[in-house]
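Worksheet: the structure to be examined is printed underneath.
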Amino acid sequence: MSSPSTAGSDLEFVVRTIARTAVDNEKQFGDLDAVAGDGDFGYSLARGFEIVLADWETFDRGSPSDFLKRVAMVISKRVGGTSGPLWGTAFLRAAGAVKERPDLAGLSGQDAVAMLRAAAEGIKVRGRSDLGDKTLLDALIPMTDAVEKELGAGGGASGAAVARVAATSARAAAEATTPMQAMRGRQSYTGERSIGSPDPGAVAVAVMAERIADTWESRG
Amino acid sequence: MSSPSTAGSDLEFVVRTIARTAVDNEKQFGDLDAVAGDGDFGYSLARGFEIVLADWETFDRGSPSDFLKRVAMVISKRVGGTSGPLWGTAFLRAAGAVKERPDLAGLSGQDAVAMLRAAAEGIKVRGRSDLGDKTLLDALIPMTDAVEKELGAGGGASGAAVARVAATSARAAAEATTPMQAMRGRQSYTGERSIGSPDPGAVAVAVMAERIADTWESRG
Amino acid sequence: MKKFVNDPKDFVAEMLEGLALANPDTLRYVPEYNLIMRADAPQENKVSIVQGSGSGHEPSHVMSVGKGMLDAACPGDVFAAPPADFVYETVKRVASPKGVLLLVNNYTGDRMAFEMAEELAQADGIEARTLFIDDDVSVQDSTYTVGRRGVAGNFFVMKAVGAAAERGADLDEVHRIGTKVNSVARTMGMALTACTPPAKGSPLFELPDDEVEMGVGIHGEPGRRREKLRTAKEMVGELVTAVTEDLPFESGDRVALMVNGLGGTPIGELYLVYGLAHKQLAERGIEVHRSYVGEYCTSLDMAGVSVTLVRLDDELVDLFGAPAEIPIRVF
Amino acid sequence: MKKFVNDPKDFVAEMLEGLALANPDTLRYVPEYNLIMRADAPQENKVSIVQGSGSGHEPSHVMSVGKGMLDAACPGDVFAAPPADFVYETVKRVASPKGVLLLVNNYTGDRMAFEMAEELAQADGIEARTLFIDDDVSVQDSTYTVGRRGVAGNFFVMKAVGAAAERGADLDEVHRIGTKVNSVARTMGMALTACTPPAKGSPLFELPDDEVEMGVGIHGEPGRRREKLRTAKEMVGELVTAVTEDLPFESGDRVALMVNGLGGTPIGELYLVYGLAHKQLAERGIEVHRSYVGEYCTSLDMAGVSVTLVRLDDELVDLFGAPAEIPIRVF
Ligand SMILES: Nc1ncnc2c1ncn2[C@@H]1O[C@H](COP(=O)(O)OP(=O)(O)O)[C@@H](O)[C@H]1O
Ligand SMILES: Nc1ncnc2c1ncn2[C@@H]1O[C@H](COP(=O)(O)OP(=O)(O)O)[C@@H](O)[C@H]1O
Ligand SMILES: [Mg+2]
Ligand SMILES: [Mg+2]
Ligand SMILES: [Mg+2]
Ligand SMILES: [Mg+2]
């Protein structure tokens, strides 16, 4: 995968890092899904986000909303499984949350929280799911809460510090899905057997957040 | 398998021992056939000879020929694979070799040789095969030669001694099939890969001859 | 992994290409959207029938496209629902003035993709309606809130709605028939071995040499429980009991009985299983009126079977007996 | 061993019982002689066609009994020719005034059983004639003196003689057609895994995880050689090359192409293989006129495929296209 070298906004950095993480962790994410699911989670995500990376330079960057919509469209159109509709919806709703913002580089911490909240709401509606069902929501929502709290603490938290808080909280939340019983998605068919391993979607959120935090300082 | 307890002639003892050996060695014979064949040799023989044992008491014993014909018929009718026609033919030809003899108990060593020779000829014709093709003929014929020689040596060799000679020669001959390449039967399709393991049919002849020798003194 | 495969990413595309090459007169393959359709679809005076789902269940659904069955199938990757956009493109291509019926096995990913596609198609003025199939009795409704899975029973839905559509029934009528078939179809499956998805390259789960997965899903999802391997008679008895007691099927019922191989079980064993199931049903006073033995809805190379019962009435007997022409044939 | 089986000794009988229960109107099962026959055989004005062989190759031959194909099949135990007596009893039951054609794959046991049965039947005044099938190119005539093996090509012989007999051809004519099909049919197979006979309970041979048996026999007999597992394209290329260069098939030839699964390979992979073979033939200028993808002659649960080519002329195109009705169907 050719890695786009243009320096860009924090938004582009975050999206590109999510995409790269999905592509690089295809096997790990797939193996997690094979424990109680059907093993295709890594494959599905990787196939979609590798197109995001391949088409990266061509995306409309007229506004944050247009940019996120393009990402959402690639994912909705090209990713199957449960993840295609869910992640596509998440990006689409995130786009909606910042549709008033004119400039890719002009997003605030509050905008980030708004995008994450919107994404989570979209996933809930599309997946008929909620916190506690053992899905990626169980990482996404606690992470968003932690980010909001960190920003609200005042003192102008640095981007790096916020990213680190996101990573730490997402990881803890993903690990906390281990004792849960899946109530949605293919894992839920296994009933009690889904207990004892973390939710693949939640782990993916944590791994992505960690990579964002780890590479924040070196972003383009 | 209920073992018929009636005391009988040497002929009945030999046939019954062959049958019991076939039934008792189903697995061993099958495993030998699995090396370069298709693994069913033990199964085929056992299915036929277990009917021989089951129907044992009902067989016509009017003459050695009638008795052997009944055995031949059970085998031809009920045994498939290559072994059914070959072993059925062998018993049928053996019957023909003693058709002048009136009495089951009245057979001589020479009669035994004649029966074995006739059996081998029948197999050759039916199987379009000969000595050296790596088949049961490679045990049967050398064994018959050795028995004939022992009888010809004069001095009225005892039945036990003849049986032992048969066993020893059959075993040596069966082992000598190991370096041969099969030219007939399913093994022959493997070409050079049939080299290095003994022919299952030849081993079966040896195991049967050994059991006859081992139990000769305790026969009914 | 021991499979006939080149690059695993091309597995589905190469399978579809082979299917198209083998059926040049009757099928059309549209590589951009992974879709297989009848060469003569859509037809003005016939409701079009579409089914999609993950790949790996062949002959469901791509090999069930043809006169009297599906007008199109849009498979996703192995065990992954197709992208909504692929479903939408499929619907557009077979859109008939009489409407389009979308058959969907009840899995989250498939539901979402088809619901999104249905909305998009309706926005274009295409009369599209979705029907969910959920015949698998192994997972209990009450315990898990996503509902039951759709498995081999989908064959009977396809066959009945395909036959009705061919005779000119309208969308309401075709939908009614499909709903009815689903309501009287029940299935349970079991695995002797796990399947190996090409992209994963190793078995999806570990099953010890002396254990079976009773109630397995067609994506290798765990079932009711692990059990010891037993005689065919005992294992088939468990499947038959689970299926009959669910609807329930009762003495005097006439049924279609399907013994479906999951991919790695040879047809000889399937007929053995069929004989056992047939006799066990007869003992319950249930009369097998139509029989189906073979592979209908598989799980890649998994060794195992599922047993499906459909309660028949005169309408269904007539529809199931209608002619159909699809790629799966021996001559 | 993971199989659907009760007592392995009953495996064949229980399979046949299931087959008969699933086809009550068209088939008759005679347990004493392991035989499956058309319910309406023999017919006065039709040559009867019989094929027998070991079991474990289903749908060959018991599931190929029906209008336009076989009048009867007499299977032996798994991988063992039937007893001569069973063949004889079968011939007697379907003896028609127009004669009986016996189809036999070229194996020692089968040859002997059928030759004995032919003699016995002729002694009864039944006009019986035997035809040996030997389409497998993997074993070279020159090296081994028992001749080539009969494998999946037997399907085409059955189909052509079945169609000709149905049209009223006499025994000479039916025999001529069968001989001709055999003379233009060539097959080679390969195994990814070994098969497990129920009575043996363990795999017939050991095949390491990264090796395949190229040229395998349908009883698990070793083939040309062990090779490393490669891409589907390369392995199919080797099969296609071996088969085409044997007859040889040449540029301009019209052929029927069969991709036959050996029992454990799912239909999705078979279509992938079909696509590769079809394209490789096209590169050689060989035109595929009829295609066959599925299971026709298996080896229990062995994962693997065979590729069969038959050179067509107008007579064969016509016969292969004739209708037939046998138990293997999906509806
Ligand atoms: N209904 C749902 N709502 C939210 N998230 C879900 C839902 N179903 C599944 N997921 C998430 O998707 C992940 C599995 O994705 P994937 O493997 O693509 O789906 P599939 O079950 O179709 O194979 C789960 O780990 C979970 O985080
Ligand atoms: N043509 C033949 N002539 C003589 N003996 C033969 C011939 N073919 C096979 N045999 C013998 O039969 C044995 C194999 O018997 P069996 O397993 O029943 O046959 P199949 O090859 O049909 O499975 C061989 O070990 C060999 O001793
Ligand atoms: Mg999954
Ligand atoms: Mg054998
Ligand atoms: Mg999936
Ligand atoms: Mg055999």
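By convention in this document, chain letters (A, B, ...) are assigned in the order of the sequence lines, proteins followed by strands, and residues within each chain are numbered from 1. What you are looking at is a predicted structure, and each value in this text was computed from that prediction instead of being measured.
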Best-contacting candidate, B:V35, B:I75, B:V79, B:D31, against chain D by heavy atom pairs under 4.5 angstrom: B:V79

Chain B contact via D:E89 - which portion, at a heavy-atom distance below 4.5 Å: neither

Chain B contact via D:E213 - side chain, backbone, both or neither, heavy atoms under 4.5 Å: side chain

Atom CD of D:E32 with >12 non-hydrogen neighbours under 6.0 angstrom: yes

B:K69, NZ: over 12 other non-hydrogen atoms inside 6.0 angstrom: no

CA sep, side-chain torsions, deciding dist, call: D:E115, B:R128, salt bridge (Lys or Arg N to Asp or Glu O under 4.0 Å): CA-CA 13 Å; D:E115 281 167 355; B:R128 300 201 179 90; 3.4 Å; yes

Chain B contacts, top residue of D:Y88, D:F205, D:Y107 (heavy-atom pairs, under 4.5 Å): D:Y107

Partners meeting side-chain contact (heavy atoms from CB on, under 4.5 Å) with D:R225 (sequence neighbours left out): D:E227, D:E238

B:R47 vs D:K9 side-chain heavy atoms within contact, under 4.5 Å: yes

Flag side-chain contact, heavy atom, 4.5 Å: D:M112 against B:L86: yes

Ring pair (Phe, Tyr, Trp, His ring centres under 6.0 Å) involving D:F86 - partner list, sequence neighbours excluded: D:Y33

What's the shortest heavy-atom distance between [X] and [Y], and which atoms?
X: D:A113; Y: B:P85; answer: N-CG, 4.3 Å
X: B:K77; Y: D:D85; answer: NZ-OD1, 3.2 Å
X: D:D77; Y: B:Y43; answer: OD2-CE2, 3.2 Å
X: D:A80; Y: B:D40; answer: CB-OD2, 3.3 Å

Gap between atom NZ of D:K200 and atom CD of B:E26 - 0.5 Å precision: 12.0 Å

